[in-house]
Novice: 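Sharing a structure below in structure tokens format, with a few things to ask.
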Amino acid sequence: MSVHNPDIKRVTTHTLQELKSKGERISCLTAYDYSMAKLIDAAGVEVILVGDSASNVMAGHETTLPITLDQMIYHAQSVVRAVKRALVVVDLPFGNYQGNSEEALRSAIRIMKESGAHAVKLEGGAEIKESIARVLSAGIPVMGHLGLTPQSIYKFGTYAVRAKEEAEAQKLRDDVRLLEELGCFSYVLEKIPAQLAAEVTASVHIPSIGIGAGGGCDGQILVMHDMLGINQEFKPRFLRRYANVAEVIQQAVSSYVDDVKTKDFPSAAEEY
């Protein structure tokens, strides 16, 4: 049975701040299409992220880098049509904000106008502060993203835990404070030590959303395909599978094929 708060009719950035203030955890999942977004929203998550992870789980790319702004808008439009309660956040894709704050603003405006989403997410801290500030100046809510930033995977060269060394940990602390000062409403912490995540979460007023960052964050997010067991190959330590949907689908399709081959489907009751 879901324990989400039925009194929250529509989740906003202000709602997330209230939840942090009350010590109530924030639940987040990704979605990329109408049907799944409708189910996830009805189940009570506070935030739905239209992630650039669509590049991996929907299109089969090795990284998040290939997905385009047009493709992100298409996925966001599909999700927004389904959602009645959750806050919908959309990733700005690689190449649409790094190093060019004007491009960042144009991209964010397109997402907001063409999809009807509620906020955008950008990866990085001080190195993209001009882009964050420019997007915020237009009244567009921004969620940050620190720690492991998948759009920078070729710079890192690995998906290993970030900020284990003190220099990188201190930069993360500084970046979290910068995101708050700039006016971001929240930020994702990905694959960093749990102790560091808890420390920075307590150091600022805006809520943190963790993925592989321990239980000290204000909220948690997983990729929907991973937590439902649709994607069977991805098995990091931080992932908890809540279903084995891949097995259910394969069994259902196999039964359908058998019924078609044996002429069991359609039956007389299924004919007109």
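Since the structure is predicted, the reported quantities are computational estimates derived from the model, not experimental observations.
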Novice: Any chance OH of Tyr159 has more than 12 other-residue heavy atoms, nucleotides or ligands included, within less than 6.0 Å?
Specialist: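 Yes, the 6.0 Å shell around OH holds more than 12 heavy atoms from other groups.
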Novice: Report yes if the side chains of His118 and Val89 come closer than 4.5 Å at any heavy-atom pair, otherwise no.
Specialist: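 The answer is no, as the side chains (C-beta and beyond) never meet within the 4.5 Å cut-off.
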Novice: Identify which one of Lys171, Arg173, Arg177 satisfies the salt bridge (Lys or Arg N to Asp or Glu O under 4.0 Å) criterion when paired with Asp175.
Specialist: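 For Asp175, the salt bridge (Lys or Arg N to Asp or Glu O under 4.0 Å) check succeeds only for Lys171.
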Novice: Hey, mind stepping through Arg240 and Met227 against side-chain contact (heavy atoms from CB on, under 4.5 Å) and telling me if it holds?
Specialist: CA-CA 6 Å; Arg240 181 181 296 183; Met227 64 85 69; over 6 Å; no
Novice: State whether the side chain of Thr30 and the backbone N or O of Val50 hold a donor-acceptor pair below 3.5 Å, judged by distance alone.
Specialist: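 No, because the side chain of Thr30 does not come within donor-acceptor range (under 3.5 Å) of the backbone of Val50.
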Novice: Would Arg134 and Glu102 count as a side-chain contact (heavy atoms from CB on, under 4.5 Å) here? Give the steps.
Specialist: CA-CA 7 Å; Arg134 182 69 70 99; Glu102 292 182 1; 3.2 Å; yes
Novice: Is there side-chain contact between Val90 and Met72, with heavy atoms separated by less than 4.5 Å?
Specialist: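 Val90 reaches Met72 side chain to side chain.
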Novice: Tell me whether Arg162 contacts the main-chain N or O of Leu146 through its side chain, where contact means a donor paired with an acceptor under 3.5 Å.
Specialist: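 Between the backbone of Leu146 and the side chain of Arg162 there is no qualifying donor-acceptor contact (under 3.5 Å).
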Novice: Do Val83 and Ile40 make a side-chain contact, defined as non-hydrogen atoms from C-beta onward lying under 4.5 Å apart?
Specialist: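 No - every pair of side-chain heavy atoms lies 4.5 Å or more apart.
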Novice: Answer yes if Ile109 and Ile73 sit in the same cluster of Ile, Leu, Val, Met, Phe, Trp and Tyr residues linked by side chain heavy atoms under 4.5 Å apart, and no otherwise.
Specialist: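 Yes, one cluster joins them.
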Novice: About how many Å separate CE of Met143 and NZ of Lys121, when rounded to the nearest 0.5 Å?
Specialist: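 Reported to 0.5 Å precision, the distance equals 8.0 Å.
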Novice: What are the two closest heavy atoms between Leu178 and Gly125, and how far apart are they?
Specialist: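 Of all heavy-atom pairs spanning Leu178 and Gly125, the closest is CD2-C, 4.1 Å.
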Novice: Taking it one step at a time, do Ile48 and Val45 satisfy side-chain contact (heavy atoms from CB on, under 4.5 Å)?
Specialist: CA-CA 7 Å; Ile48 292 178; Val45 298; 3.8 Å; yes
Novice: Could you please spell out the steps behind the side-chain hydrogen bond (donor to acceptor under 3.5 Å, both in side chains) verdict for His14 and Glu18?
Specialist: CA-CA 6 Å; His14 180 65; Glu18 288 184 325; 3.2 Å; yes
Novice: For the residue pair Asn96 and Ser107, what are the closest heavy atoms and their distance?
Specialist: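 Taking Asn96 first and Ser107 second, the nearest heavy atoms are O-OG, 3.2 Å.
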Novice: Over all heavy atoms of both residues, which pair between Ala194 and Gly214 is shortest? Give the atoms and the distance, please.
Specialist: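 Reported closest heavy-atom pair: CB-CA, 3.9 Å.
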Novice: Quick check: do Leu189 and Cys217 have side-chain heavy atoms less than 4.5 Å from each other?
Specialist: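 A side-chain contact exists here, since the closest heavy-atom pair is under 4.5 Å.
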Novice: Say you draw a straight line from CD1 of Ile221 to CD of Glu46; how long is it, rounded to the nearest 0.5 Å?
Specialist: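 One finds 12.0 Å between CD1 of Ile221 and CD of Glu46.
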Novice: Would Met224 end up clustered with Tyr74 when hydrophobic side chains under 4.5 Å apart are linked, directly or stepwise?
Specialist: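 Not linked; separate clusters.
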Novice: In sequence, state the C-alpha distance, the side-chain angles, and the governing distance for Glu103 and Asn100, and then conclude on side-chain hydrogen bond (donor to acceptor under 3.5 Å, both in side chains).
Specialist: CA-CA 5 Å; Glu103 178 69 15; Asn100 188 332; 5.1 Å; no
Novice: May I ask you to check whether over 12 heavy atoms, not counting those of Glu165, lie within 6.0 Å of atom CD?
Specialist: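 Open: at most 12 neighbouring heavy atoms sit under 6.0 Å from CD of Glu165.
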Novice: Between His205 and Glu180, does the side-chain hydrogen bond (donor to acceptor under 3.5 Å, both in side chains) criterion hold? Intermediate values first, please.
Specialist: CA-CA 8 Å; His205 296 291; Glu180 181 177 45; 4.8 Å; no
Novice: Rounded to the nearest 0.5 Å, what separation is found between the CZ atom of Arg81 and the OG atom of Ser35?
Specialist: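 Taking CZ in Arg81 and OG in Ser35, the distance rounds to 11.5 Å.
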Novice: Write down the atom of Gln151, the atom of Asp52, and the distance for their closest heavy-atom approach.
Specialist: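 In this case the closest contact between Gln151 and Asp52 is NE2-OD2, 2.7 Å.
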Novice: Look at the side chain of Asp259 and the backbone N and O of Phe265, then say whether any donor-acceptor pair between them is shorter than 3.5 Å.
Specialist: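 No; zero donor-acceptor contacts below 3.5 Å.
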Novice: Side chains of Tyr97 and Val120: closer than 4.5 Å at any heavy-atom pair?
Specialist: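 Tyr97 vs Val120: side chains apart.
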Novice: Nearest 0.5 Å, please: how far is CG in Leu65 from OG in Ser152?
Specialist: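 One gets 8.0 Å once the value is rounded to the nearest 0.5 Å.
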Novice: Evaluate the side-chain proximity of Ser203 to Glu199: yes if any heavy-atom separation is below 4.5 Å, no if none is.
Specialist: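 No, every pair of side-chain atoms sits at 4.5 Å or beyond.
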Novice: I'd like to know if the side chain of Ser208 reaches the main chain of Tyr187, judged simply by a donor and an acceptor atom lying under 3.5 Å from each other, with no hydrogens or angles considered.
Specialist: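 Checking the backbone N and O of Tyr187 against the side chain of Ser208, no donor-acceptor pair under 3.5 Å is found.
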Novice: So with a 6.0 Å cut-off around CD of Glu166, is the heavy-atom count from everything else above 12?
Specialist: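 Enclosed: over 12 neighbouring heavy atoms sit under 6.0 Å from CD of Glu166.
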Novice: Backbone N or O of Gly212 within a donor-acceptor pair of the Glu190 side chain at under 3.5 Å?
Specialist: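 Checking the backbone N and O of Gly212 against the side chain of Glu190, no donor-acceptor pair under 3.5 Å is found.
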Novice: Between Tyr32 and His225, is the ring centroid distance below 6.0 Å?
Specialist: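 Here the rings of His225 and Tyr32 have centres that are less than 6.0 Å from each other.
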Novice: Would Val248 end up clustered with Tyr256 when hydrophobic side chains under 4.5 Å apart are linked, directly or stepwise?
Specialist: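 Looking at the clustering, Tyr256 is in a separate group from Val248.
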Novice: Counting only heavy atoms not in Phe238, do more than 12 sit closer than 6.0 Å to its CZ atom?
Specialist: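 More than 12 within 6.0 Å, yes.
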Novice: Would you check, one step at a time, whether the test side-chain contact (heavy atoms from CB on, under 4.5 Å) holds for Lys235 with Leu239?
Specialist: CA-CA 7 Å; Lys235 299 177 181 178; Leu239 173 61; 5.7 Å; no
Novice: Step by step, would you call Ser254 with Gln251 a side-chain hydrogen bond (donor to acceptor under 3.5 Å, both in side chains)?
Specialist: CA-CA 5 Å; Ser254 178; Gln251 289 177 347; over 6 Å; no
Novice: With distance as the sole test, does Lys38 use its side chain to make a donor-acceptor pair with the main-chain N or O of Lys84 at under 3.5 Å?
Specialist: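 No: the side chain of Lys38 does not pair with the backbone of Lys84.
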Novice: Mind checking whether Leu136 and Ile206 sit in one hydrophobic cluster, side chains of I, L, V, M, F, W, Y counted as touching below 4.5 Å?
Specialist: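 Leu136 and Ile206: one cluster.
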Novice: Taking the side chain as C-beta and beyond, is there a heavy-atom pair between Leu122 and Gln98 under 4.5 Å?
Specialist: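 A side-chain contact under 4.5 Å is absent here.
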Novice: Can you see which heavy atom on Asp226 is nearest to which on Arg241, and at what distance?
Specialist: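 Scanning both residues, the minimum pair turns out to be O-NE, 3.4 Å.
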Novice: Looking at Gly124, is its backbone amide N or carbonyl O close enough to the side chain of Glu127 to form a donor-acceptor pair, meaning the two atoms are under 3.5 Å apart?
Specialist: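 No.
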Novice: Run the side-chain contact (heavy atoms from CB on, under 4.5 Å) test against Ala243 and tell me which residues pass, sequence neighbours left out.
Specialist: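 If we apply the side-chain contact (heavy atoms from CB on, under 4.5 Å) test to Ala243, skipping adjacent residues, the hits are Leu228, Val245.
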Novice: Within this structure, what is the CD-OG1 distance for the pair Glu24 and Thr15, rounded to the nearest 0.5 Å?
Specialist: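 The CD atom of Glu24 sits 10.5 Å away from the OG1 atom of Thr15.
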Novice: Between Leu179 and Ile132, is there a side-chain heavy-atom distance shorter than 4.5 Å?
Specialist: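 Yes, at least one pair of side-chain atoms sits under 4.5 Å.
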Novice: Taking only residues two or more places apart in sequence, or in another chain, which ones meet Thr13 in a side-chain contact (heavy atoms from CB on, under 4.5 Å)?
Specialist: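 Thr13 satisfies side-chain contact (heavy atoms from CB on, under 4.5 Å) with Leu87, Pro141, Phe185 only.
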Novice: What is the minimum heavy-atom distance between Ala37 and Val79, and which atoms define it?
Specialist: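 Closest heavy-atom pair between Ala37 and Val79: CB-CG1, 3.8 Å.
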Novice: When rounded to the nearest 0.5 angstrom, what distance separates SG in Cys28 from CG in Leu49?
Specialist: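 The distance works out to 8.0 Å.
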Novice: Are Val161 and Val188 co-members of a hydrophobic cluster defined by side-chain heavy atoms under 4.5 Å apart?
Specialist: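 No.
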Novice: Are the charged groups of Arg85 and Asp41 less than 4.0 angstrom apart, N to O?
Specialist: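 No, this pair does not count.
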